[in-house]
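Reviewing the structure listed below.
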Amino acid sequence: MEKQITVDGLTFVPYITSEKIAEQVKRVAMEIRSDLGDSSPIFICVLNGAFMFAADLYREIGINNSVITFVKYSSYEGTQSTGKVKEVIGLKEDISGKDVVIIEDIVDTGLTAVKMIEDLRSRNPRSIRFATLLHKPESCKTGFTPDYVAFSIPPKFIIGYGLDLDGKVRNLPDIYVIKEEAENLNIDNNMNDTLNVVLFGAPGSGKGTQSAKLIDKYGLYHISTGEVLRDHIKRGTELGKIADSYISKGHLIPDELMIQILDDVLEKEAAGKKGVVFDGFPRTIPQAEALKELLRKRGTDLHAVIGLEVPEEELMERMIRRGQETGRADDNPETIKNRLKVYHDQTHPLREYYTKEGKYLPINGAGIVDEIFNEISQGLDKAISGK
């Protein structure tokens, strides 16, 4: 990637490398392929800016019985959006009863996306999904959110990888931003200024209380694998359907599926947050390695693993008392013992794994709530200062 380039008197500096683009294209392709299943979809590329993204994405998706076609809408002049959307080249293919995926280069105001979806719905497709290379959520005027996003970025003007300035520089393999707009910009759209934490705690250890305090103090995004799975199942997504096929039979979710779901959450929902607290994940060393890779490709790492350590006798007392107060059928001595055994069997290897990495932060979870949180905060503040 060149350090800087000049086009029409404007100087641009590097923003997103071709290697990073390729990584995210593969991720988005995997999500689309998973959601479409065995259908025969129609991909609609919005010209001109999306042609490189569409070509790479379509190739990565690799559904042989799919069709790709092209339409052209326009709402840009120079470096500014005109705010008006008009169709230039229309869609001639019959999309009735088909799964449709729109492929766009940028979603900023959302006007083009909303206009396209309105037009396409009148043609009775089975479903419409929207994939974009870049999403500028701060510029949105419509409330529209794409189904698939390669990168969420601030409202800056960029060029390269199909994106142009008055028709020029579409050929560049990398993405650049105007130099004057690059100040304080998070280059490569990574998470290197975030705080990422795993919270371990046996049932009854007060994990829910402490995670709420972490979220409030540090502005973290809470990812509970249980909640994420239930959400996907409730919404009937393809990932949710696959997950439900395992859960309904009493089987564990395969690591590959759980990682795919977490990747989706990090990209779409945790983007722009101050960090993440992972609750209920990882549970195994292979999952820990996968989490490390998920964060690595976003330019960050796991900063601390908080272990709320409470004597088993107190855990038993807490959960039995909770069962009496709430009427939870699973808070009985025999079930509690089994749950604690499973927890300790799963987390003991991870405790050793993260201790060797210097990330494990043991916390006495048997004290007063605020005192426990003060101890957690002191440990995290050290992790922050050492990033």
Side-chain angles (χ1 to χ4, degrees), residues 27 190-232 239 243 252-309 342-363 365 372-373 375-377 379-384 386-387:
R27 177 188 58 79
N190 59 31
M191 298 169 61
N192 59 9
D193 292 324
T194 60
L195 174 66
N196 306 299
V197 177
V198 165
L199 184 60
F200 279 161
S205 64
K207 190 172 57 171
T209 299
Q210 297 301 333
S211 66
K213 287 181 169 293
L214 283 169
I215 293 163
D216 183 57
K217 178 175 180 177
Y218 295 97
L220 304 181
Y221 183 81
H222 181 241
I223 296 182
S224 164
T225 52
E227 291 176 3
V228 169
L229 285 171
R230 285 191 290 273
D231 177 62
H232 272 272
L239 290 174
L252 295 175
I253 301 294
D255 285 354
E256 296 81 3
L257 177 60
M258 197 66 246
I259 292 300
Q260 188 177 344
I261 291 173
L262 282 179
D263 198 14
D264 181 70
V265 173
L266 286 174
E267 194 65 33
K268 293 180 181 177
E269 300 175 37
K273 306 298 182 182
K274 295 181 179 179
V276 174
V277 54
F278 295 92
D279 180 352
F281 189 90
R283 294 182 182 272
T284 65
I285 290 176
Q287 288 181 354
E289 294 285 354
L291 177 59
K292 181 189 294 186
E293 178 61 21
L294 277 183
L295 295 173
R296 183 204 64 77
K297 75 179 185 179
R298 289 172 170 80
T300 188
D301 195 3
L302 194 63
H303 299 104
V305 177
I306 301 166
L308 295 175
E309 301 186 346
V342 170
Y343 172 78
H344 290 305
D345 288 346
Q346 286 181 337
T347 57
H348 182 69
L350 281 171
R351 191 184 193 281
E352 291 186 351
Y353 173 86
Y354 283 121
T355 298
K356 289 179 180 178
E357 291 208 339
K359 298 184 185 299
Y360 190 74
L361 181 62
I363 300 293
I372 295 169
F373 186 67
E375 186 179 351
I376 293 173
S377 296
L380 284 184
D381 290 342
K382 288 181 181 178
I384 294 170
K387 284 200 297 180

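Everything numeric in this text was worked out from a predicted model, so none of it was measured.
- Annotation: side chain to side chain donor-acceptor pair (under 3.5 Å) contacts of Glu293 (sequence neighbours excluded): Arg296.
- Within the model, atoms CD1 of Ile376 and CD1 of Ile372 stand 7.0 Å from one another, a figure rounded to the nearest 0.5 Å.
- When all heavy atoms are compared, the tightest approach of Phe200 to Tyr360 is CD1-CE1, 4.0 Å.
- Between Arg283 and Met258, every side-chain heavy-atom pair lies at or beyond the 4.5 Å cut-off.
- Rounded to the nearest 0.5 Å, atoms OG1 (Thr300) and CG (Leu294) are 12.0 Å apart.
- The minimum heavy-atom distance linking Ala288 with Tyr354 is given by the pair CB-OH, 3.3 Å.
- Note that CD of Gln287 and CD1 of Ile253 are 10.5 Å apart. Values are rounded to the nearest 0.5 Å.
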Hey, mind stepping through Asp301 and Lys359 against side chain to side chain contact (heavy atoms under 4.5 Å, CB included) and telling me if it holds? CA-CA 11 Å; Asp301 195 3; Lys359 298 184 185 299; 3.3 Å; yes
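- For the salt bridge (charged side-chain N to carboxylate O under 4.0 Å, His left out) condition, no pair includes a residue of residues 215-227, sequence neighbours left out.
- With Val198 as the fixed residue, the side chain to side chain contact (heavy atoms under 4.5 Å, CB included) test singles out one of Leu291, Leu361, Val276, Ile306: Leu291.
- Among all heavy-atom pairs drawn from Asp263 and Arg27, the shortest one is OD2-CD, 2.8 Å.
- Here the CG-CD1 distance, from Asp279 to Ile223, works out to 10.5 Å after rounding to the nearest 0.5 Å.
- Heavy-atom minimum distance, Leu350 versus Pro282: CD1-O, 3.4 Å.
- Val265 places a side-chain heavy atom less than 4.5 Å from the side chain of Tyr221.
- Looking at Thr284 and Tyr353, their side chains never come closer than 4.5 Å, going by heavy atoms from C-beta outward.
- Taking 4.5 Å as the limit, some side-chain heavy atom of His232 sits within range of a side-chain heavy atom of Asp264.
- The CG atom of Leu262 lies 10.5 Å from the CG atom of Asp255; values are rounded to the nearest 0.5 Å.
- Looking at heavy atoms from C-beta onward, Tyr218 lies out of side-chain contact with Val197 at the 4.5 angstrom threshold.
- You'll find the side chain of Pro362 reaches within 4.5 Å of the side chain of Arg351, heavy atoms only.
- Remark: Leu220 CG to Leu195 CG distance equals 5.5 Å, nearest 0.5 Å.
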